[in-house]
Amino acid sequence: MPVIFMTALHETSHVLRGFAAGAIDYVTKPIQIDEVLARVATHLASARHLRRVRNALENSGKALLIANMTGELVWSSPRAKALLDRLLPQSLNALAQASQALGDWLRFAIEADAGAWRPLHHRQDGPHRLSARIAGCFDNDEFLIEMEEQSLGLALPVLSAQFKLTAREAEVLLWVSKGKTSRDIGGILSISPRTADKHLENLYVKLGVETRTAAVAIAMRSLQEAQLPTPTKYSS
């Protein structure tokens, strides 16, 4: 809700204190009725627009957050907050430590490849991991970050056993099935995109196929027959 100060206090120090307290505008007496109404109408329209944008983001179902270069969290969608609380190591629960980790991740991602998916924290273990990518940048050096949960579960051993794949080949096949590009897979698995392509070439031979689409179809059919959830595809 936008807050407007209307007061007879008109010194510069008073105005600065009002804005510092969170005011969106400051009107001094004597007031001009039409001018005040115009200001109110403008601020209400802006607030409604921002509310619509925020509701759209929060209801999109995506795990989104906005952070600055220091890793300070400016905003997060409900799903993003739930993933951070559940999947980040307990050692990062403290706000200062979490901000430092996010800032380090941001600087590395910008220097490497801002749009690529990569693990949000390199010390994660177990079948559930948190991956993220930079989805946009704002003028004041704030970044929109999209996150997703990487759930490996029982899929890797099933794929490895059925097609006689190495552990790395099974990982590449799983992420291909999730709609990831070679660049994305490289970021997730900390390998180069070219290495991911080489694993794909080996996969094609073992699966007896020639295209990525055919490999994905075989992998998804295998997981369905094993009564495991088929991978969810993401656009990136």
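It should be emphasised that the depicted structure is a prediction, and the values quoted were computed from it without experimental measurement. Below, all heavy atoms of this structure are taken into account, side chains as well, without hydrogens, waters or symmetry copies. Numbers for residues simply follow the sequence, beginning at 1.
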Going through the distances and angles, do I24 and V3 end up as a side-chain contact (heavy atoms from CB on, under 4.5 Å)? CA-CA 6 Å; I24 198 169; V3 176; 5.7 Å; no

Heavy-atom neighbours of K81 NZ exceed 12 at 6.0 Å: no

Just wondering, more than 12 heavy atoms not from R17 lying within 6.0 Å of its CZ?
-> no

I want to check something: taking the side chain as every heavy atom from C-beta on, are [X] and [Y] in contact at a cut-off of under 4.5 Å?
{"X": "V27", "Y": "T7", "result": "no"}
{"X": "L65", "Y": "L73", "result": "yes"}
{"X": "L207", "Y": "F163", "result": "yes"}
{"X": "Q162", "Y": "L159", "result": "no"}
{"X": "N68", "Y": "F138", "result": "no"}
{"X": "H14", "Y": "Y26", "result": "yes"}
{"X": "F5", "Y": "V15", "result": "no"}
{"X": "R133", "Y": "I145", "result": "no"}

Sorted by chain and number, sequence neighbours left out, side-chain hydrogen bond (donor to acceptor under 3.5 Å, both in side chains) with T42 holds for none

Hydrophobic clustering (ILVMFWY, side-chain heavy atoms < 4.5 Å, transitive) - are [Y] and [X] grouped together?
{"X": "I4", "Y": "V36", "result": "yes"}
{"X": "M6", "Y": "L37", "result": "yes"}
{"X": "I31", "Y": "V40", "result": "yes"}
{"X": "I66", "Y": "V53", "result": "yes"}

Requested in this report: Please step through side-chain contact (heavy atoms from CB on, under 4.5 Å) for the pair R212 and S182, ending with a clear verdict.
Outcome: CA-CA 11 Å; R212 180 185 293 250; S182 295; 3.3 Å; yes

Check for a donor-acceptor pair, side chain of [X] on one end and backbone N or O of [Y] on the other, with a separation under 3.5 Å.
{"X": "E111", "Y": "F108", "result": "no"}
{"X": "S77", "Y": "L64", "result": "yes"}
{"X": "K62", "Y": "E146", "result": "no"}
{"X": "S177", "Y": "L173", "result": "yes"}
{"X": "S160", "Y": "L156", "result": "yes"}

Sorted by chain and residue number, the salt bridge (Lys or Arg N to Asp or Glu O under 4.0 Å) partners of R48 (sequence neighbours excluded) come out as none

Chi angles and distances behind the side-chain contact (heavy atoms from CB on, under 4.5 Å) call for L102, F143:
CA-CA 11 Å; L102 186 56; F143 297 86; over 6 Å; no

Original post:
With a 4.0 Å cut-off, would you call K180 and E148 a salt bridge?
Top reply: yes

Here the gap from I185 atom CD1 to E171 atom CD, rounded to the nearest 0.5 Å, amounts to 10.5 Å

